[in-house]
Protein chains: 4
Amino acid sequence: MRKVDPERHDEKRRQILQAAERCFVRGGFRGASTSDICAEAGISPGHLYHYFESKEAIIAAMTEIGLQKAAARFDGLMQKPDVVAALLAEIDSLRLKQGMAGSMLHLEVLAEASRNPAIAKILQHRSRRLQQLLASFLRKGQELGQVDPGLEPDAAAAIVLNVVLGAGSLRVSNPHLDGASSRAMLKLLISRFLTPLGMAET
Amino acid sequence: MRKVDPERHDEKRRQILQAAERCFVRGGFRGASTSDICAEAGISPGHLYHYFESKEAIIAAMTEIGLQKAAARFDGLMQKPDVVAALLAEIDSLRLKQGMAGSMLHLEVLAEASRNPAIAKILQHRSRRLQQLLASFLRKGQELGQVDPGLEPDAAAAIVLNVVLGAGSLRVSNPHLDGASSRAMLKLLISRFLTPLGMAET
Amino acid sequence: MRKVDPERHDEKRRQILQAAERCFVRGGFRGASTSDICAEAGISPGHLYHYFESKEAIIAAMTEIGLQKAAARFDGLMQKPDVVAALLAEIDSLRLKQGMAGSMLHLEVLAEASRNPAIAKILQHRSRRLQQLLASFLRKGQELGQVDPGLEPDAAAAIVLNVVLGAGSLRVSNPHLDGASSRAMLKLLISRFLTPLGMAET
Amino acid sequence: MRKVDPERHDEKRRQILQAAERCFVRGGFRGASTSDICAEAGISPGHLYHYFESKEAIIAAMTEIGLQKAAARFDGLMQKPDVVAALLAEIDSLRLKQGMAGSMLHLEVLAEASRNPAIAKILQHRSRRLQQLLASFLRKGQELGQVDPGLEPDAAAAIVLNVVLGAGSLRVSNPHLDGASSRAMLKLLISRFLTPLGMAET
DNA sequence: CATGAATGAGCTTTCATTCAT
DNA sequence: CATGAATGAAAGCTCATTCAT
């Protein structure tokens, strides 16, 4: 005799977010209309507002989720013994798993954040967390002699994150590019940046 | 009964594009209306269509111009004796000169291209040119022993270009970041990537 | 298997009407949504329709109640010995007790009635009752020599009622007006209108 | 070769306001949609916003115009020799000329002003002007011995104005009322209020 | 009795584009 | 060349009401 079923509510929210994601991938944040999202989610136009206060709230929720997922992945990395190798492996998996969708949405988030303060705040907050995670990861690597101790961990983490997350746009400007070789090149870039000078190259 | 003066026409086009740029920086491609652009350019709403077929044509023209400018800058680099040093200097000047505007517009172009085939085509065409330019530049560096001969020039050029152009989004996700130190970090990243293994670090 | 308890039902109806009144004072009949009313009454949106057929039924019920209350007050006046004095005292208490709420709602009722036949009917029916009450009151005053015998009681009652009930709008168009002095002025107006010509002024 | 024709623009604005007035009389400020107004004015839905910033701007403009017209009428009164007689004559003409429309709109304005600060401001500003006009009118009457010198002109003006403007709602709550006799009653009310005590009644 | 998910029409407003002047 | 009036589709959002549970 439960009055409210918060599980069902959350489940529906998740479904709507997934529908929204598909629409946003197709047309971007501005290009996808709330009607599109409702149609994709199989609900009526007004009902969307039972679950989200506004279209912007959907964008915000999706931004949050996207970056939370990324953080969860990095959390997993912290357990691996070889820091640099783990990071390089991560590059491979990042690119493969999310396909185009993730990259495109990340571009959308960046573009939106550059003029929408609410989204900017979420992006910055989550980015900071990711960087702190990566920085502590790098520090561990420095202690183990796997990462160049001369690198300031926080600034290095910011740069590495930006490069890795920005790699998705390679496909946009160079669709003809060979995925494997550009991924290899990217790993080489990161590897040379982080590896202590005296060490041999993989 | 003066004929259409093609110079005046082009001059006006340029003015409108500059006005459009200001509007797009403020609100993005979708967020800026043609009326905004007309107001900014000091012309009437209808008159815009004497100079551009559609709003998309404006976006296309601006994408072209933006990438042409970047190409022109790289052209200049080709004259410098030390290839890597020139590239690093370029990173500094890139960031300083265009400020936020350039980065934000580049994000817009990428986001737009990821779902608008017309813009994608322009972006890809111009990117290819830029990469060819940079690749031949790298090849020259390899001949002079300034660039690691093991790097495949085309793939390396793509990666380097992506990293440099994507650096603008650092400011979006990390507004608090110290510009100088992140610029230094970025230069170190590029330098370690390109420099032959045996050479000392700057 | 308890039957529907009509007392509980009526009690709930009253609670909802009170909640509705608060909402209508804030935003007017059109400006307050049924959801607002439900939230204010602490019930779920659907449950409202167990107590009222429609939003208009709530408005109608409130119109009825408001005018019934006014009638009850006038009923009390009928017992007082000095007719005009009782009426003037009533003016004071009317203004003080209902504050802004009563006036604003009366304005809403008038505005709504001017285009909603159902509400108009209620308003007219209840107004007629009030006027008959006041008219018989005036007749009594005429018999006692306290009210000018030359005044036709029904028409005079209509005018006096309109003036008194309309006084609430003074605060809307003149918020800076001194309440006491305008009340005094209003009492003078009514007093001079009703008092027989030969009699001295209070 | 005039570029803009402000006359045409103003003429169109006036036409739209007239169309809006008809719609507002029918359904009130909230009940009439912008689409209704556009249809009534014979323009497309979007084009309304060429002439008015928002629906509220239309309401505001109409409020202004309505009260300006009232002020213009009162201005005319200032010329008449017998102050009270002129005012009474005005009551007759007021009621006849504007028919139901004026009264209903005035009710709308009052109801709207009671919760919309922007409209309240306009109403209060214009009301103040009207009252100052009427007050100076009354002062003149006092000098000429036509108005009771004991009345404080400003407060008296506020009351008289409220009674006269509020008379329109008589028709709403008493549609069956005889216009002539209630008008006579109203004039008697005003006359007894203003006339010096010693003077005979008309 | 009571909930809140669900509907769908309708709201105000924006905007790229066209066209008579 | 240039204007700005005009269009009409579509946007995000609200709301009275219904209904399965």
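Every chain is numbered from 1, with letters handed out A, B, ... down the list of sequences.
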Visitor: If the condition is side chain to side chain contact (heavy atoms under 4.5 Å, CB included), which residues does B/Glu64 pass it with, not counting sequence neighbours?
Guide: B/Gln68, B/Ile122, B/Arg126
Visitor: Answer yes or no: does a side-chain N or O of A/His50 lie under 4.0 Å from OP1 or OP2 of E/dA6?
Guide: no
Visitor: Under a 4.5 Å cut-off applied to non-hydrogen side-chain atoms, are D/Leu105 and D/Thr63 in contact?
Guide: no
Visitor: For the pair made of CD in D/Gln15 and C1' in F/dA6, what is the distance, rounded to whole Å?
Guide: 14 Å
Visitor: Given the rule that a pair is Watson-Crick or G-U wobble with both distances under 3.5 Å, how would you write DNA chain E in dot-bracket, using | for pairs to a different strand?
Guide: .||||||||||||||||||||
Visitor: Between C/Ser44 and E/dG4, does any side-chain N or O lie under 4.0 Å from OP1 or OP2?
Guide: no
Visitor: Nearest whole angstrom, please: distance from the P of F/dC1 to the CD1 of B/Ile16.
Guide: 11 Å
Visitor: Check D/Lys12 with D/Glu7, please: is the shortest side-chain N to carboxylate O separation under 4.0 Å?
Guide: no
Visitor: Would you mind reporting whether A/Thr34 and A/Pro45 have side-chain heavy atoms less than 4.5 Å apart?
Guide: no
Visitor: To the nearest Å, give me how far apart CZ (D/Arg13) and C1' (F/dA5) are.
Guide: 15 Å
Visitor: NA contact type, A/Tyr51, heavy-atom cut-off 4.0 Å: base, sugar-phosphate, or nothing?
Guide: sugar-phosphate
Visitor: List the residues meeting salt bridge (Lys or Arg N to Asp or Glu O under 4.0 Å) with C/Glu11, not counting sequence neighbours, and say none if there are none.
Guide: C/Arg14
Visitor: Under 4.0 Å between a Lys/Arg side-chain N and an Asp/Glu carboxylate O for D/Glu40 and D/Arg26?
Guide: yes
Visitor: Taking atom P in both F/dT21 and E/dC1, compute the distance separating them and give it to the nearest angstrom.
Guide: 22 Å
Visitor: Quick check against the 3.5 Å criterion: does C/Lys121 have a side-chain atom that pairs as donor or acceptor with the backbone of C/Asn116?
Guide: no
Visitor: Can you list everything that forms a salt bridge (Lys or Arg N to Asp or Glu O under 4.0 Å) with C/Glu56? Sequence neighbours excluded, please.
Guide: none
Visitor: Can you list everything that forms a side chain to side chain contact (heavy atoms under 4.5 Å, CB included) with C/Ser35? Sequence neighbours excluded, please.
Guide: C/Ser33
Visitor: Could you tell me how far apart B/Ile37 (CD1) and E/dT14 (C1') are, to the nearest whole angstrom?
Guide: 15 Å
Visitor: Treat primed atoms plus P, OP1 and OP2 as sugar-phosphate and everything else as base, then score nucleotides 12-19 of chain F 5' to 3': B for base contact with protein heavy atoms under 4.0 Å, S for sugar-phosphate contact only, - for none.
Guide: BBBSBBBB
Visitor: Taking CD1 from B/Ile43 and C1' from F/dT3, how many angstroms apart are they, rounded to a whole number?
Guide: 11 Å
